[in-house]
There are 2 protein chains.
Amino acid sequence: MGAGPEDHPDVQVFDEIRYIEHLVRTTISRKLPVGLTYPQFEVMNLLSRRGDGISPLEIARALQMTKSGLTNTLQRLHARKLIHVEHCENDGRRKVIWLTPDGRAAYAQSMAAIRPKMEDLRDGFTQKEFRDALPFLKALRTWLGEKP
Amino acid sequence: MGAGPEDHPDVQVFDEIRYIEHLVRTTISRKLPVGLTYPQFEVMNLLSRRGDGISPLEIARALQMTKSGLTNTLQRLHARKLIHVEHCENDGRRKVIWLTPDGRAAYAQSMAAIRPKMEDLRDGFTQKEFRDALPFLKALRTWLGEKP
DNA sequence: AATCGAAAATTCGAGATCGAACTATTTGTG
DNA sequence: CACAAATAGTTCGATCTCGAATTTTCGATT
């Protein structure tokens, strides 16, 4: 029984990364208040972290979403009145997104649902462990992003 | 300007992981022969690595797909005659999946398209770097998977 | 042997995701 | 100024993804 490619450390690393990404996505999804999906939460999370008043294109780039994919998500958030969409004054092509009070409330509710898990995580691992893992992950991400 | 949560190493790690996963997915997707999607490739990759003759449930578990999602992908692969679906003799509920010769050819063609990038990667990083990154990633994945 | 509960797969509906084509606006250049 | 190229966003079609409900088959208990 010879060693297949699945034994190579690089393949294993990508498998683990795929698995972790999936676990994070499903774990958070299941904890979100009903009516909120994971991408919707991600958008609101960015609006909350980065401050409102950013454009759809900035959001799409920050979250690795396509413009068309983001249009879809923004339309749904807008339909639920969780975001407010303004037309940019200086540039007629651009729009600017804001969280509404309802949006902030839904976001706070989501974070509250996730917080216990996050705190568990910070008990299970040290910040040093995360810090030590970062350089390689950043290098890998940069390398993958630079060579199209 | 206080430190937001985005500065925390743990948040950064998850951001990098999300980014890497996305880059791998899109990079491979764009290199695949026309007509093949990334999930379809993943299934064929597993069939090729793990050997044929495995059941849909085993595939779904290995690839973190839901059974219903896999049914969809298998139906498409079957429609293109890239896989062969048998009814298990011992167990009437189960099916067993095989790559057809066409499937093997399509898989070989996909791997050939991806190989240069993989070789570049093995030039850009050492196997030791991947090996050193593994324990933390495995621990993180296990922890996330154990606490539902 | 009859039945009940678990397991494997499918169907269905809602939402996400991508890429290509399209519209509208702005910017740069002659 | 006119017009070409670039930019921001949307629309559309195909596929993926999930969860819930359903069907079929198996296995164990009685």
Side-chain angles (χ1 to χ4, degrees), chain A residues 18-19 21-44 53-80 82-83 85-97 148, chain B residues 18-19 21-44 53-80 82-83 85-97 148:
Chain A
R18 185 163 60 74
Y19 206 153
E21 196 279 337
H22 186 262
L23 282 170
V24 169
R25 175 178 298 264
T26 55
T27 303
I28 292 184
S29 288
R30 294 195 186 116
K31 293 185 185 304
L32 288 175
V34 274
L36 266 195
T37 66
Y38 182 74
Q40 288 167 11
F41 168 73
E42 280 192 310
V43 168
M44 298 209 301
I54 57 183
S55 72
L57 190 59
E58 291 176 277
I59 299 174
R61 278 205 259 258
L63 299 180
Q64 287 82 55
M65 296 173 73
T66 56
K67 290 184 300 177
S68 60
L70 185 65
T71 295
N72 184 0
T73 298
L74 290 180
Q75 284 171 346
R76 289 174 201 278
L77 287 174
H78 186 246
R80 294 177 200 270
L82 300 177
I83 59 170
V85 180
E86 275 179 19
H87 284 273
C88 184
E89 298 176 358
N90 309 339
D91 189 338
R93 296 167 297 184
R94 200 168 310 204
K95 294 186 174 178
V96 178
I97 312 298
Chain B
R18 186 164 59 75
Y19 206 153
E21 196 279 338
H22 186 263
L23 283 169
V24 169
R25 175 178 298 265
T26 55
T27 302
I28 292 183
S29 288
R30 291 200 253 261
K31 291 184 186 306
L32 289 176
V34 274
L36 266 196
T37 67
Y38 182 73
Q40 288 166 13
F41 168 74
E42 280 192 310
V43 168
M44 297 208 303
I54 59 183
S55 71
L57 190 59
E58 291 176 277
I59 299 173
R61 278 206 258 258
L63 299 181
Q64 287 80 56
M65 296 172 73
T66 56
K67 289 185 298 177
S68 59
L70 185 66
T71 296
N72 184 358
T73 298
L74 290 180
Q75 284 171 345
R76 290 174 201 278
L77 287 173
H78 186 247
R80 294 177 201 271
L82 300 177
I83 58 170
V85 180
E86 273 180 21
H87 283 273
C88 184
E89 298 176 359
N90 309 340
D91 188 338
R93 298 167 297 183
R94 199 168 310 206
K95 293 188 173 178
V96 179
I97 312 297

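Hydrogens, waters and symmetry mates play no part in the numbers below; they use all other heavy atoms, side chains included. So you know, we letter chains A, B, ... as the sequences are listed, proteins then strands, and number each from 1.
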Within the side chain of A:Thr26, is there an N or O that forms a donor-acceptor pair under 3.5 Å with the backbone of A:Leu23?
-> yes

Phosphate contact (D:dT15 OP1 or OP2) by B:Thr37 side-chain N/O below 4.0 Å = no

Among C:dT11, C:dA9, D:dT15, which nucleotide sits nearest the side chain of B:Gln75?
-> C:dT11

Give a yes/no answer on whether the side chain of A:Thr71 brings an N or O atom under 4.0 Å of OP1 or OP2 in D:dT11.
-> no

Is there a donor and acceptor pair closer than 3.5 Å between the side chain of A:Ser68 and the base of C:dG19?
-> yes

A:Thr66 vs C:dC18: side-chain N/O to OP1/OP2 distance below 4.0 Å | yes

Can you list the steps and then say if B:Arg25 with B:Glu42 is a salt bridge (charged side-chain N to carboxylate O under 4.0 Å, His left out)?
-> CA-CA 10 Å; B:Arg25 175 178 298 265; B:Glu42 280 192 310; 5.1 Å; no

Specify the separation, in whole Å, of atom CG of B:Leu70 and atom P of D:dT15.
-> 16 Å

A:Ala60 and A:Leu70 have their tightest heavy-atom pair at N-CD2, 3.7 Å

Among the nucleotides D:dA8, C:dA16, D:dT10, which one has an atom lying closest to any side-chain atom of A:Asn72?
-> C:dA16

Backbone N/O of B:Gln64 and side chain of A:His22: donor-acceptor pair under 3.5 Å = yes

In whole Å, what is the span from the CD1 atom of A:Ile97 to the C1' atom of D:dT10?
-> 13 Å

Would you mind reading off the distance between A:Glu86 atom CD and D:dG9 atom P, rounded to a whole angstrom?
-> 13 Å

When the nearest nucleotide of DNA chain D is assigned to A:Ser55 and to A:Thr26 on a heavy-atom basis, which residue is associated with the more 5' position?
-> A:Ser55

Indicate the atoms forming the closest heavy-atom contact of A:Lys95 with A:Pro56, along with that distance.
-> O-CD, 3.2 Å

Distance test, side-chain N/O of A:Gln64 to OP1/OP2 of C:dT17, below 4.0 Å | no

Could you tell me whether the phosphate oxygens of D:dC16, OP1 or OP2, come under 4.0 Å of any side-chain nitrogen or oxygen in A:His22?
-> no

Options C:dA9, D:dG19, D:dA8, nucleotide nearest the side-chain atoms of A:Leu57 = D:dA8

Closest-nucleotide ordering on DNA chain D, the 5'-leading residue of B:Arg80 and A:Arg30 | B:Arg80

In whole angstrom, give the distance that lies between atom NE2 of A:His87 and atom C1' of C:dT26.
-> 16 Å

Rounded interatomic separation in angstrom, taking CG from B:Leu23 and P from C:dC18 | 11 Å

A:Glu89 CD to C:dT26 P, in whole Å, measures 13 Å

Compare the minimum distances between each of C:dA9, D:dC16, D:dC18 and the side chain of B:Pro56, then state the nucleotide with the smallest one.
-> C:dA9

Looking at D:dG9, C:dA8, C:dT17, which one has an atom nearest to any side-chain atom of A:Arg25?
-> C:dT17

A:Arg94 side chain N/O closer than 4.0 Å to the phosphate oxygens (OP1, OP2) of D:dG9?
-> no

Relative to the 5' end of DNA chain C, which residue comes earlier, A:Lys67 or B:Asp91, by the nucleotide with the nearest heavy atom?
-> B:Asp91

N/O donor-acceptor pair, side chain A:Arg93 with base D:dT7, under 3.5 angstrom | yes

